[in-house]
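Order of the sequence lines sets the chain letters (A, B, ...), proteins ahead of strands, with each chain counted from 1. Every heavy atom of this structure was used, including side-chain atoms; hydrogens, water molecules and symmetry mates were not.
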Number of protein chains: 2
Amino acid sequence: MNGKAADRTEAISADPASAHAAVDAAADNPLLLDLQVCFPLYAATNHITRLYGPVLARIGLTYPQYLVMLVLWEQAPQTVGALGARLHLDSGTLTPLLKRLEKAGLVSRTRDPEDERRVLVSLTDQGRALRGQALDVPATMAGNMNPEAIDALRETVTRLVDLLTGK
Amino acid sequence: MNGKAADRTEAISADPASAHAAVDAAADNPLLLDLQVCFPLYAATNHITRLYGPVLARIGLTYPQYLVMLVLWEQAPQTVGALGARLHLDSGTLTPLLKRLEKAGLVSRTRDPEDERRVLVSLTDQGRALRGQALDVPATMAGNMNPEAIDALRETVTRLVDLLTGK
DNA sequence: TCATATTATATTGTGCACAATATTATTGTA
DNA sequence: TACAATAATATTGTGCACAATATAATATGA
């Protein structure tokens, strides 16, 4: 936390000369920007994945598999392409992951009779039933965070995604 | 963006009855919380990695390798353990990554004579020289984002990490 | 109709990322 | 000096994640 970063609390004011602390710091060392923005994001995501690992292992899922199941519990069946669009993942990632979920008996993969290029991913009874076991995962993970912190976190993440994707 | 999420703009007020939109939503569907918090974070990080890929490929680095080099450009030599602590990565990730950087001639790995258990990771001349080529990476990536957005992003990420780690 | 282009998924190869374990070096203690 | 305990890094095995490419089905146009 250097001096310029500390100035940020006042940069919310309308003074354009001091409104861009990161840009000011970048004038000295441009690489500081990535060290302050991209690296923390990367570290935070790894941290989350690591925290969920043991909890999800109890219901036999990895973190990416859990996210796929979350989306399928919202709506199924879905094509691989639709899943990829929703999750921002390509087929090279999804195909083997879905095959593992199929092998575990949680989903089924069938060619769409309407269009044989598509593969429909459906939930099996076992896959649907797993939702019941997953229901307390968020609360377990939230654990010792208070409601205000969780809500602030959700808002912050939403803002982050808005900034990154569309603006 | 459902109704409850939209209420969030007013939840900054002191009214405790409406202050926890995410928690309210979680009462209906607990899994919505992870779908709204963890998944966007995961997607955003993948998105960033994908964006940096082509730009970093021009200087022969992957995204995680770039982050390691950023840390080494701040301070070198460092032990593998110190790098891991800074990057929140374990030796199973760092060892092969560092070997690839060594093979590329950017770093050298030597046992610490003081304590032969430690491995010191140093920058080679070529590794130090690469910094010059990396200097415009942040600006290239910032590209079409305006300074306000970048600064907001940095602040958002900082807030996010505070919420996730300490709080 | 029949090539050509497009679309959807799968495959291959490289590089993370981590848990569990192994290896080697140091420290502590009797 | 032994010898257990601890510490630092490496290895192994599994599972993402993506770029590049391949395969197969559908759509398009002369």
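Classification of the A:Y66-A:W73 ring pair by plane angle, with boundaries at 30° and 60°, yields perpendicular. Classification of the B:Y63-A:Y42 ring pair by plane angle, with boundaries at 30° and 60°, yields perpendicular.
For the pair A:T93 and D:dC16, the criterion of a side-chain N or O lying under 4.0 Å from OP1 or OP2 is not met. Between A:R100 and D:dC16 there is a side-chain polar atom (N or O) within less than 4.0 angstrom of OP1 or OP2. The phosphate of D:dC16 has OP1 or OP2 within less than 4.0 Å of a side-chain N or O from A:Q65. Residue B:T62 places at least one side-chain N or O under 4.0 Å from the OP1 or OP2 atom of C:dC16.
Between the side chain of A:R117 and the base of C:dT7 there is at least one donor-acceptor pair of N/O atoms closer than 3.5 Å.
Side-chain polar atoms of B:T156 and A:R159 form a donor-acceptor pair below 3.5 angstrom.
Both B:V119 and A:S91 sit near DNA chain D, but only B:V119 has its closest nucleotide nearer the 5' end. Between A:N46 and A:G81, the one whose closest nucleotide on DNA chain C sits nearer the 5' end is A:G81. With DNA chain C read from its 5' end, the first of the two nearest nucleotides for A:R109 and A:Y42 is the one closest to A:R109. Remark on DNA chain D: of its neighbouring residues A:E114 and A:Y63, the 5'-side contact belongs to A:Y63, judged by nearest-heavy-atom nucleotide.
Within the 4.5 Å cutoff, the side chain of A:M69 has heavy atoms near those of the A:L123 side chain.
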